[in-house]
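Small disclaimer: the values here were computed from a predicted structure and weren't measured. As the structure lists them, so they are numbered: ligands from 1, and atoms in each ligand from 1.
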Amino acid sequence: MNQIKNIVFIGAGNVATQFALAFKRAGLQILQVYSRTVNSARVLAEKVQAEHTTNLKSLNKDADLYLISVSDNAVEELTSQLSLKDKLTVHTSGSIPLEILNKVSVNHGVFYPLQTFSKSREVDFSNIPICVEANSAENLEKLKSVAKTLSNNIYEVDSEQRKVLHLAAVFACNFPNFMYTIADKILRDSDIHFDILRPLIKETAEKIQDVKPAEAQTGPAIRNDEKILSGHMEMLNDFPQLKELYKLISAEIQKINPK
Ligand SMILES: NC(=O)c1ccc[n+]([C@@H]2O[C@H](COP(=O)([O-])OP(=O)(O)OC[C@H]3O[C@@H](n4cnc5c(N)ncnc54)[C@H](OP(=O)(O)O)[C@@H]3O)[C@@H](O)[C@H]2O)c1
């Protein structure tokens, strides 16, 4: 089985940036970065000493792996313009099925990292789950092997399971992060800095490394403290949607059975 030694990146966003940097650190070569706008392509290409292009027709044809990592709503249009014959091609989306790559190449797969990425924040890949799927046993082995250059946590996950993982990840990561934004706004309105909440946020995430989330639940809702709950809702009178959110989430928390 041929090892993957070099990669062309299609997309230069959050995930592409962190994958490209991590593969480069692991000793693989990034041959080229394609992106829709020249600035994104150039910025990432310079970081990993690669060529860059904004023209899909100028894609380097000699890579061992083509990694498509663009925003979900751009994947379909982009793949309809790509023809990579038998070149191993993957996408990195949580919710897009493997089959979307059927017409792009006879060898294709999915390389979905279950982590949150931003361009500006380098991450340690060693324990990030990388969920792989492929259209043949040989392609799957190739993807597992290249995934192992980055992480010790490789999972074989099919498209249906990946969709479920993505939904769970939205609840476990994207929604809590939005809650931090609400907390930040509430504090700023009273001239209090968000920094005071950071230890609480850290401990909340660390605690559930040892206990089940339902067992770790604290706060007025799980204690059924109606006086505090109505007091908080009164404080949100000027923000009816946040008040609704507070009421809905508190009611759901009150249904938790920690057993
Ligand atoms: N971010 C995460 O935490 C995360 C985690 C796991 C998986 N994923 C998945 O990884 C993929 C990439 O996510 P991301 O967060 O890296 O996305 P992103 O930062 O928003 O990706 C931006 C990339 O998509 C390109 N793009 C956006 N709209 C386009 C369009 N209409 N046509 C062509 N190109 C377009 C951008 O091009 P320009 O910059 O040139 O405009 C850029 O290269 C998605 O499938 C996402 O679901 C994301």
If you measure every N or O of Gly94 against every N or O of ligand 1, does any of those distances drop under 3.5 Å?
no

Has the side chain of Asn6 got a donor or acceptor atom that lies under 3.5 Å from a matching backbone atom of Leu31?
no

Partner residues of Arg25 under the salt bridge (Lys or Arg N to Asp or Glu O under 4.0 Å) criterion, sequence neighbours left out:
Glu122

Using atom types as modelled and distance alone, determine if a side-chain donor or acceptor of Arg162 lies under 3.5 Å from a backbone N or O of Ser93.
yes

Residue and atom name of the nearest protein heavy atom (relative to atom 22 (C) of ligand 1), distance in Å to one decimal:
Gly13 CA, 3.8 Å

Heavy-atom nearest neighbour in the protein, as seen from atom 7 (C) of ligand 1, with distance rounded to 0.1 Å:
Thr92 O, 3.3 Å

Any donor-acceptor N or O pair under 3.5 Å, side chains Asn237, Lys243:
yes

Nearest protein heavy atom with distance in Å, relative to atom 6 (C) of ligand 1
Pro113 O, 3.3 Å

Side chains of Glu51 and Asn60: is there a donor and an acceptor less than 3.5 Å apart?
no

How about Phe125 and Phe19: are their ring centres within less than 6.0 Å of each other?
yes

Between Asp184 and Thr181, is any side-chain donor less than 3.5 angstrom from a side-chain acceptor?
no

Donor-acceptor contacts, no H, no angles, side chain residues 37-47, under 3.5 Å, sequence neighbours left out:
from, atom 1, to, atom 2, distance (Å)
Thr37, OG1, Ser40, OG, 2.9

Identify the protein heavy atom lying closest to atom 16 (O) of ligand 1, giving its residue, its atom name and the separation to 0.1 Å.
Val15 N, 2.8 Å

With a cut-off of 4.0 Å, which atoms of ligand 1 are near a heavy atom of Val70?
11 (C), 12 (C), 23 (C), 24 (O), 25 (C), 44 (C), 45 (O)

Check each atom of ligand 1 against the heavy atoms of Tyr112 and keep those under 4.0 Å away; list them by number with element.
6 (C), 7 (C)

Regarding atom 37 (O) of ligand 1: of the candidates Cys131, Ser35, Ser95, which has the closest heavy atom?
Ser35

Give the residue and atom name of whichever protein heavy atom lies nearest to atom 1 (N) of ligand 1, and the separation in Å to one decimal.
Phe117 O, 3.5 Å

Please list, in number order, the atoms of ligand 1 under 4.0 Å from a heavy atom of Ser40.
38 (P), 39 (O), 40 (O)

Ligand 1 atoms nearer than 4.0 angstrom to some heavy atom of Gly11 are 43 (O)

Per-atom filter on ligand 1: closer than 4.0 angstrom to a heavy atom of Gln115 are 3 (O), 5 (C), 6 (C)

Closest non-hydrogen protein atom to atom 15 (O) of ligand 1, residue and atom name please, with distance?
Asn14 ND2, 3.0 Å

Kindly state whether the ring of His52 and the ring of Tyr34 have centres lying under 6.0 angstrom apart.
no

Which one of Gln18, His166, Glu76, Arg36 has a non-hydrogen atom at the shortest distance from atom 30 (C) of ligand 1?
Arg36

In this structure, atom 45 (O) of ligand 1 is nearest to the protein heavy atom Asp72 OD1, 2.4 Å

Can you see whether His108 engages Thr89 through a side-chain donor-acceptor pair at a distance of less than 3.5 angstrom?
no

Which residue supplies the protein heavy atom nearest to atom 28 (N) of ligand 1, what is that atom called, and how far is it?
Ser71 OG, 3.1 Å

